[in-house]
Amino acid sequence: MSTSVTVLAGGVGGARLAHGFALALPDGGAPADGGGLTCVVNVGDDTERHGLHVSPDLDTVMYTLARLNDEERGWGLTDESYATLAQLERLGEDTWFTLGDKDLATHVVRTARLREGVPLSEVTAALTAALGVRARLLPVTDDPLRTRVSTPSGTLAFQEYFVRRQHADAVLGLTFDGIGSARPAPGVLDAVTGPDLLVVAPSNPFLSVEPVLGVAGVRDAVRTSPARRVAVSPIVGGQAVKGPAAQVLETLGHEVSALGVARLYAGVVDTMVIDDADAALAGPVEDLGLDVIVTDTIMRGPAGRERLARELLATVGPR
Ligand code: FO1
């Protein structure tokens, strides 16, 4: 019997930790013998560009696990070209959302299948299989769910806020359109209740993790899961490892620290993983009733990802 792991993931942070597990588990995390890796991924960032359905977080995880991602940016494909985008611009399209030629093929196929009525989870399974990903990727829901960001300049669609305006606006609030009626995609609840290890990735707690936990039944399934339940802080030394997590925590009235993150996850997970730089916060985090792992959480390259994944796997113990 091998170990089963589920990662609740947003974009880049989730993709990197998932990659660590894919390296640490047998056969890239392929399901076998009760074990394997499942990623339950945020779809609140999904958007329509040029008539195509783009699922940025699913694609970031998929490309990273396929070893096809652009490591420097964290998203998109390596060795990309942008001829189609240049031509779209010439034809008068707004091209602030950078879509490479190869990446566009993913969105063309996804959109075609969705229009035929195939659910996003099945489309994702086909895309990941085609790219040689051994782990299982599940959108948290097959239903429409869109994050909208309330800012002093008004309410923005997520990618307007994140990419077009470079997440420069203060985040006054968030709404997740459709979350009230979104049902977990097939396999999501089992992936939360069934594994040996359930990991909330070092993704943005509000922008990436909340639209996963907020889907009907998911937060309760996490809370009551018999798995070892671990969350990795995306805040290290009072700063976000990547992206706007620090600004968002601050403007929403939370302490910008691993302790602030731990307060959000107390009652959801039983163990908080904080960085060596935040070792002084271990006591206050424990006071919240959480176990604490203090380690190097900065995943430098594939070796760093695998090391962190192995440390988390070691907390499950032998089976
Ligand atoms: N992020 C950017 O900062 N600029 C972009 O132009 C951009 C394009 C893009 C295209 C496809 C894709 O899958 C992701 C893309 N991202 C881009 C990343 C993405 O918008 C964000 O990283 C996530 O939504 C936040 O997790």
Side-chain angles (χ1 to χ4, degrees), residues 2-43 45-46 52-81 84 98-114 116 118-140 142 185-188 190-191 195 197 199 201 203 299 301-310 313:
S2 64
T3 310
S4 52
V5 180
T6 295
V7 178
L8 306 186
V12 179
R16 290 184 173 157
L17 187 53
H19 185 212
F21 284 110
L23 293 169
L25 291 168
D27 203 9
D33 203 15
L37 171 64
T38 302
C39 304
V40 175
V41 183
N42 172 39
V43 293
D45 299 12
D46 284 20
L52 301 176
H53 183 114
V54 184
S55 295
D57 285 357
L58 279 170
D59 289 346
T60 297
V61 178
M62 176 171 76
Y63 294 155
T64 303
L65 293 182
R67 302 300 303 266
L68 296 170
N69 65 308
D70 182 313
E71 278 290 326
E72 205 154 305
R73 291 187 306 199
W75 51 269
L77 286 156
T78 188
D79 296 326
E80 263 293 13
S81 54
T84 312
T98 307
L99 294 168
D101 296 325
K102 289 190 289 185
D103 188 26
L104 275 160
T106 302
H107 315 312
V108 168
V109 172
R110 175 186 292 118
T111 306
R113 294 294 96 79
L114 289 173
E116 289 161 5
V118 181
L120 183 60
S121 52
E122 280 179 39
V123 179
T124 303
L127 290 170
T128 49
L131 295 183
V133 173
R134 311 303 312 274
R136 196 163 61 127
L137 253 69
L138 299 174
V140 64
D142 283 332
V188 165
D190 286 346
L197 177 64
V199 184
S203 299
M299 294 175 271
R305 298 167 192 177
E306 185 177 349
R307 175 198 46 77
L308 182 58
R310 286 192 186 280
L313 285 168

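Numbers here are sequence positions counted from 1.
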Exercise for review: Tell me, please, which residues at least two apart from Asp190 pass side-chain contact (heavy atoms from CB on, under 4.5 Å).
Suggested key: Thr193
Exercise for review: Mind listing the closest non-hydrogen atom pair of Val188 and Pro139 along with its distance?
Suggested key: CG2-O, 3.6 Å
Point to revise | Student check: side-chain heavy atoms of Thr64 and Val61 closer than 4.5 Å | key: no
**Study point:** Steps toward side chain to side chain donor-acceptor pair (under 3.5 Å) verdict (Ser121, Asp142)
**Key:** CA-CA 6 Å; Ser121 52; Asp142 283 332; 2.8 Å; yes
**Study point:** pair Val199-Leu17: side-chain heavy atoms closer than 4.5 Å
**Key:** yes
Review point. Considering only heavy atoms from C-beta outward, does the side chain of Thr38 approach that of Leu138 to under 4.5 Å?
Key: yes
Revision key, fill the gap. When rounded to the nearest 0.5 Å, the distance separating CG of Leu197 from OG1 of Thr3 is 8.5 Å
Point to revise | Spacing of CG belonging to Leu58 relative to CG belonging to Leu137, to within rounding of 0.5 Å | key: 6.0 Å
**Study point:** Derivation of the side chain to side chain donor-acceptor pair (under 3.5 Å) call for His53 and Arg110
**Key:** CA-CA 7 Å; His53 183 114; Arg110 175 186 292 118; 5.1 Å; no
Exercise for review: Check whether any side-chain heavy atom of Val43 lies under 4.5 Å from a side-chain heavy atom of Val140, and answer yes or no.
Suggested key: yes
Practice item. May I ask you to test the Thr6-Val40 pair for a side-chain heavy-atom distance under 4.5 Å? Key: yes
Check your understanding: Any side-chain heavy atom of Cys39 within less than 4.5 Å of one from Arg136?
Key -> no
Check your understanding: So, Glu80 side chain and Asp101 main chain: donor-acceptor pair closer than 3.5 Å or not?
Key -> yes
Exercise for review: Could you tell me whether the side chain of Leu313 reaches within less than 4.5 Å of the side chain of Leu25, counting heavy atoms only?
Suggested key: yes
Exercise for review: For Thr111 and Leu52, indicate whether the former's side chain and the latter's backbone hold a donor-acceptor pair under 3.5 Å.
Suggested key: no
**Study point:** Heavy-atom closest contact (Gly34 atom, Ser4 atom, distance)
**Key:** O-CB, 3.4 Å
Revision key, fill the gap. So CZ of Arg307 and CE of Met299: to nearest 0.5 Å the spacing works out to 9.0 Å
Point to revise | Heavy-atom closest pair, residues Arg16 and Glu71 | key: NH2-O, 3.1 Å
Check your understanding: Is Lys102 salt-bridged to Asp79, cutoff N-O under 4.0 Å?
Key -> no
Practice item. Could you go through the side-chain contact (heavy atoms from CB on, under 4.5 Å) check for Asp46 and Val54 one step at a time? Key: CA-CA 6 Å; Asp46 284 20; Val54 184; over 6 Å; no
Check your understanding: Given side chains that start at C-beta, do those of Leu77 and Asn69 come closer than 4.5 Å, heavy atoms only?
Key -> no
Practice item. Please list, chain by chain and in numerical order, all residues satisfying side-chain hydrogen bond (donor to acceptor under 3.5 Å, both in side chains) with Thr128, sequence neighbours excluded. Key: none
Check your understanding: In this structure, are over 12 heavy atoms from other groups packed under 6.0 Å from Glu116 atom CD?
Key -> yes
Review point. Can you list the residues that meet the side-chain hydrogen bond (donor to acceptor under 3.5 Å, both in side chains) rule with Asp103, with sequence neighbours excluded?
Key: Tyr63, His107
